[in-house]
S.K.: 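Structure incoming, see below.
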Amino acid sequence: MYFLTGWPRRLLCPLKSEEEPFHIQPNSQRFYFAVLSETQLSIWFSRPSVLIVSYVESVKAAAQFGFYQQAEWKPDDSMIAVAAANGYILMFDVVGGGEDKYLYEPVYPKGSPRVKVTPGYKEEQCAPALSLEMKRPIDLEAPITRYYSSLQEDLLVSTADGYLHILHWDGVSNGRKAISLCTVPFSLDLQSARGPSLDLEGLYVRDMEYCVTLDGFAVVLDDGRLGFISPVASRFTAEQLQGVWAADVTDGTCVAVNNKYRLMAFGCASGSVLVYMIDTTTGSMQLSHKLELTPKHFPDVWNKTGAVTLIRWSPDYSVAMVTWECGGLSLWSVFGAHLICTLGEDFAYRSDGTKKDPIKISSMCWGAEGYHLWVITSKEEAELVENMEEAPPPTQTKQAGILQFHFIKSALTVNPCTSNQEQVLLHGEDRLYLTCGDPTQVPSSSSDGPHPHNLAHGLEGSPLHHRSAPSPNSISQGLSTLLGHKHWHVVQIHCTYLESNWPIRFAAIDTAGQCIAVAGRRGFAHYSMSSRKWKLFGNITQEQNMTVTGGLAWWKDFVVVACYNFIDQQEELRLYLRSSNLDNAFASVAKLHSDTLLLNVFRDLIVLFRADCSICLYSIERRHDGPNPSACVELLQEVSMSRYIPHPALVVSVTLTSVRTETGIALKAPQQACMAESIMLNLAGQLIMLQRDRSGPQVREKEDQKKLLPFCPPVVLAQCVENVWTTCRSNKKKRHLLEALWLSCGEAGMKVWLPLFPRDHRKPHSFLSRRIMLPFHINIYPLAVLFEDALVLGASNETVLYDGLYYSNKGREPLEVMFPYCTVERTSQIYLHHILRQLLVRNLGEQALLLAQSCAGLPYFPHVMELMVHVVLEEEATSREPIPDPLLPTVAKFITEFPLFLQTIVHCARKTEYALWNYLFAAVGNPKDLFEECLMAQDLDTAASYLIILQNMEVPAVSRQHATLLFNTALEQGKWDLCRHMIRFLKAIGSGEMETPPPTPTTQEPSSTGGFEFFRNRSISLSQSADSIPAGKFNLQKTFSMPSGPSTKGKDSDCAENMYIDMMLWRHARHLLEQVRLKDLGCFSAQLGFELIGWLCRERTRVARVDDFVMALKCLHKDFLWPFPVIPACSISSPFKNGHRKTVLSQRLLKSQSADSLLNSDMDTAPPQASARNSNHTWLDGLGALGPEPKEMNTTSSHGGPQTQEAFLSPLTNKTEECSIGSATDLTETSSMVDGDWTMVDENFSTLSLTQSELEHISMELANKGPHKSQVQLRYLLHVFMEAGCLEWCVVIGLILREVTVIKQVVNFLDSPEVPPETVKSIRSGLLGVDAWASTDCLGYKPFLNLIRPQLQKLIETAVEQVQPEAFQPGASNPNSKLTEPQPGCPRAEDSRGPAPLGLALPLEPSGGLVTEDGGAPEEQEEQAADEGAYDCTLS
């Protein structure tokens, strides 16, 4: 509502004086302030805040009259009355300055456009020169306790002898009346005059204030009793006064009345403020609510504040400022919502934790429109608060000061028509604060910039990531978009408008939040968020000739203004088009008969509330008849409310809504249901509803088409209402929320008037009312309601301490140290769980379900469910008394209706202390059953959360059993993160140390880099394709198969636990291999650090056999998305244009078998240089497969020497079978090639002229290749199976990759005595089976099978030899065997740094594609570390 902002400002009095000011009193408009010190009366101006005139009493007169005490302004500002201590009233005339009319004038530079245009224009910006003339004093012959300007011409003064004096302002003594307090009859109510009458002998009025809307005085008597005195007739005479008093209160200290809400706030010696209202039926004083600090929020000071010394209502009566004897300021909304207090947090404590003394206040008042609070500190405080200048010598006089606190306030306080918007709009004296739009609607600055959530990954890798790193613009754009919900959009009000029209009185924002209008003293201006420009009246005379009276509103692109026209002396309703110039020529004007107090817009209707207590409905229609669109306004209906409204100033807001109670609606006219059904009036905090009366005959004839139905008598819906929100939108899916009425009720929180709908169009129960009022508490002050999103928006004060800037060498603290810097934060709160809970408490579960289902799509719906369970659980489980009808089982049953049930319960449990778990699970079910439900629903992450609960609630055996179940399921589904956690969990259960789980989830528990050690200790044959992976696009995983090493299990205390986990891992690996799921096996090995090679060596003769080669081949094709090869349509060789016979790859593949074998042997035996210089040069050799200069490559590189050369970057290998330029999918995938490779290919293509058939061959080759990623994975698996000696699998992978060398090597190995005869037999029959299958089902394989025909022949002819199986045990490799003999340039097995198992360490290609991990590719090692997690399984 009201929020402190910035630091307070100190106003220094230019006149030196010994006296401190102690009292400040504003005039009715709050433009002038009378400041009193003991013998001095000063008048200050508000903007600029300057001293205008000061009157100093002579010593002689001061001795006669006594010191000044209080001051009061005459309502027309022409006089000031000052009460002096010796019982005198001193009257001062306030006289205009005459010739020197202005004390301060603005000075503009030459050529400035700001010039005086109209008479009277300049004085608005200047402080006028005034003078004070003292008139004859009036002697009341008794000390004056309090006095108050009551009616226009009278002044009411109370004196210590118990009299009330009524004086005329002109000071004529014969107009003076005195009423003795003893003669006023007091009772508890006015009806029966019941109860004892107060004995008022010797009592006097300590404080009093007149309430216009109650027409009486609220008084505090000398003995602390509270009362209300009202005249029976319109004149004050002794016989015609009567009083009521409040029972049981005897410690009253001060009073302030609220005219708009008819409330009387009495301060008490206990430190609380009692707010009373007058019961309209009995006339008795009834306590409405209390304003007091709670021990919950202010444990240190809530009962140590001392008595309340001052209460001040803001000019719009929406908030009250309170101060106590001990000092401090506290702000409350009209019905008791606490907004600010300076007795706690940063106001009360320094940054080092020491306590500050609260500021003590002797007088305070609000400035114009409530933008400032003028505060005069008490004398001892003033010495502390003095400015930071050097202490003056004691002989000099002091300079008095006034503190000015700055506030910004919600637009709802003065212009309640903004309550149907979903934006929060606050206005300070020179700026507006509004909530920014939804961040999803903000256009991104760079279309190709990455999503902000991905930025972290893109920026932390190596420099090779430069391709994916976004530009700085896109980052800032992303972050500002994400933070859009926290910051205010601050709009500075145009200074030209502000200069002459300060203060801003009204502000309004349109529905879209794109246009804002403000109105000050005269005229108005509006601002567009899109163009960031203000529009002011072009003709300043037009601006100065109107003043906005009833407020501003937006209707489509028109500003609707209820204003007073000074020229015609006429109240008008005007509509100005936003897009045209701001000029009366473009305005649509309707004349009004009475002053407008409030204005609101609903769809195409305007509702006005007028000073004669009538409500007028106007229709608006857009017209396009002229050059500019205009709006036509037509009066539809007038409703007189004078019977129900005692005073027009009591109406806080008027709203048209489509909300209705269903009782009066006839089903005959359903089309009227969406019309404006009812009027909502907030009458001094009472929400009154007037519905259309549908009980009469529904006339539906043509001439009566426009006749609107009359309204029923009003019904009171709620009390203590500060704000009302409704919407004119409709949404069938969220009818509950959009057709509800939202109320803000101060300390009572919020209320919602919710419609109840019968389910499935059933007939409603007769006993079920159609609407229900549900109260709920929220932690913020509500300023707007987002209806569909089930959110309340608000704002709160935050503080920042800057006392670190202050060095204590100076004696006095500056204001910046005494007070924190205040800011206003945007806040929001979910309220849905409160409403669902309230419905469940009232046994309206069906309605709760309908409401919850309509909101289930909200992103925070799971949070809503958790909150509901959590709040109910905390309340019931910690209750000291047994709860007769607990709500938790109902809530639990309600949540089971939603798929989030299992997550909600477990999340709530894990955020709740362990002591409450038994109560929770007694209501929702056994955690074991819930765990099993999660497994059945395949929700493994939630199941893992339940596991933690089981581990705390059950014995370890149960936890292990459930953990094993979950581990196996996670393995099966490939949830590797979860698997790693489960391994750690199982180990911890075994070792009984859940608090300190093992650092890594691997089976052998090596160091965290164990996955890399394996590569450093062994040479791996990587194809060139693998080397050429662009680092930014293709990232290696961190974990690979682990080194076995000497077993450390004997030393481990949890040896059995490790064995248990290993058994499960082995079983899963066996299961994958049996089902020919090689891709999953690779992922499994990489993600969990499983020793694949060691395990395969053990399983070589068992599960690592291939029974059906054809089936395995088909599975691999499917698993790796690898296309079956096809035969090109044109298989005949095609000569180039120069006539020389040149062959393309696919043509070679279709040549005769003998030619193929000759070519193949040539390829396999020749070193790279020789094959490059083949006499039969093909154009493919020119594509740079061996780099631009093949001479640079030596033989060692072909045998895996630790060389890094340019050739490694090329994706093209020089085996003719594999000369592919990417693959069919590569052309669309991002992970295909580095740009450089493409350019190389392009250059070559540009110098070649290809025929149609040759292009077809190339495209055919591309089509026969699978994705690049799959190729890398297959090569890795080929390497693993080679190492483990699983030759059958090597053959299958060699077939799918169509690698002649692989088949050739495997067939060569079969000669070795170490290979079991079953393997030879299996490979022979497998290859024959594939050949037979290819002949019938897949002819695309025939060319390749023809290529390996010699190997197949060799197999058939070879005699089978028996070999000892021991030779194939892991680690028992024979260095003399030619199979494992290290190649030249390759690190020997004995030299490797770790005990790695060596099976068949063989170069896969003789083509220069070998890289050793010692020296070959350190960059790739770093890539692995930097980019773990880029792919599920990407191994190379």
Side-chain angles (χ1 to χ4, degrees), residues 140 142 144-168 175-259 261-267 274-288 645-647 649-650 684:
L140 298 179
I144 296 161
T145 58
R146 175 73 176 145
Y147 69 121
Y148 195 81
S149 162
S150 62
L151 310 167
Q152 285 294 317
E153 66 280 1
D154 288 341
L155 186 67
L156 190 73
V157 182
S158 70
T159 52
D161 55 4
Y163 277 88
L164 295 174
H165 299 269
I166 298 169
L167 311 176
H168 279 309
R176 181 169 126 199
K177 300 187 196 74
I179 302 164
S180 171
L181 203 56
C182 303
T183 61
V184 179
F186 270 84
S187 58
L188 282 173
D189 64 31
L190 296 178
Q191 261 189 342
S192 55
R194 67 186 169 84
S197 181
L198 282 181
D199 177 22
L200 300 174
E201 195 62 49
L203 292 183
Y204 60 87
V205 175
R206 182 192 293 182
D207 195 4
M208 65 177 174
E209 193 168 332
Y210 179 66
C211 181
V212 181
T213 49
L214 285 172
D215 190 27
F217 281 88
V219 296
V220 178
L221 300 179
D222 180 36
D223 62 354
R225 297 209 214 190
L226 317 177
F228 177 73
I229 301 174
S230 55
V232 179
S234 60
R235 301 294 301 161
F236 270 92
T237 58
E239 303 78 46
Q240 292 176 321
L241 288 181
Q242 58 189 8
V244 290
W245 57 282
D248 309 326
V249 184
T250 56
D251 66 342
T253 56
C254 57
V255 64
V257 300
N258 186 323
N259 283 312
Y261 289 90
R262 295 174 107 181
L263 297 174
M264 298 170 286
F266 294 94
L274 306 177
V275 183
Y276 280 89
M277 48 185 270
I278 295 291
D279 187 324
T280 45
T281 50
T282 64
S284 61
M285 288 175 68
Q286 286 195 340
L287 182 65
S288 167
I645 297 175
H647 195 288
L650 295 172

S.K.: For side-chain contact (heavy atoms from CB on, under 4.5 Å), just list the numbers for Val219 and Leu181, CA-CA rounded to whole Å, side-chain angles, deciding distance to a tenth of an Å, and then say yes or no.
M.R.: CA-CA 11 Å; Val219 296; Leu181 203 56; over 6 Å; no
S.K.: Please report the interatomic distance CG(Leu274) to CE(Met264), rounded to the nearest 0.5 Å.
M.R.: 11.5 Å
S.K.: Checking the side chain of Asp154 only, and the main-chain atoms of Ile166 only, is there a donor and an acceptor separated by less than 3.5 Å?
M.R.: no
S.K.: Is the backbone N or O of Asp279 less than 3.5 Å from a side-chain atom of Ser284, with the two atoms forming a donor-acceptor pair by type?
M.R.: no
S.K.: Using modelled atom types only, decide if a donor and an acceptor are shared between the side chain of Thr145 and the backbone of Val205 within a distance under 3.5 Å.
M.R.: yes
S.K.: For a quick test of reading the model, state the closest non-hydrogen atom pair linking Pro231 to Gly216 and the distance between them.
M.R.: CD-CA, 4.4 Å
S.K.: Can you check side-chain contact (heavy atoms from CB on, under 4.5 Å) on Arg262 and Leu650, steps first, answer last?
M.R.: CA-CA 8 Å; Arg262 295 174 107 181; Leu650 295 172; 3.2 Å; yes
S.K.: Which distance, rounded to the nearest 0.5 Å, do you find between the CG of Asn258 and the OG1 of Thr213?
M.R.: 8.0 Å
S.K.: What's the spacing between Leu214 CG and Ile229 CD1 if we round to 0.5 Å?
M.R.: 13.5 Å
S.K.: Out of curiosity, Gln286 CD to Thr280 OG1, how far, rounded to the nearest 0.5 Å?
M.R.: 8.5 Å
S.K.: Would you say the side chain of Met208 lies within less than 4.5 Å of the side chain of Leu156, judging by non-hydrogen atoms?
M.R.: yes
S.K.: Name the orientation class of the two ring planes belonging to Tyr210 and Phe217 (parallel below 30°, tilted from 30 to 60°, perpendicular beyond 60°).
M.R.: tilted
S.K.: Of all the heavy-atom pairs spanning Leu226 and Gly252, show the shortest one and how long it is.
M.R.: CD2-CA, 3.8 Å
S.K.: About how many Å separate CE of Met285 and CD1 of Ile278, when rounded to the nearest 0.5 Å?
M.R.: 5.5 Å
S.K.: Where the side chain of Ser230 meets the backbone of Asp215, is there a donor-acceptor pair that is under 3.5 Å apart?
M.R.: no
S.K.: Could you go through the side-chain contact (heavy atoms from CB on, under 4.5 Å) check for Leu140 and Val157 one step at a time?
M.R.: CA-CA 9 Å; Leu140 298 179; Val157 182; 3.6 Å; yes
S.K.: Show your working on side-chain contact (heavy atoms from CB on, under 4.5 Å) between Arg225 and Leu203 and close with a plain yes or no.
M.R.: CA-CA 10 Å; Arg225 297 209 214 190; Leu203 292 183; 5.8 Å; no
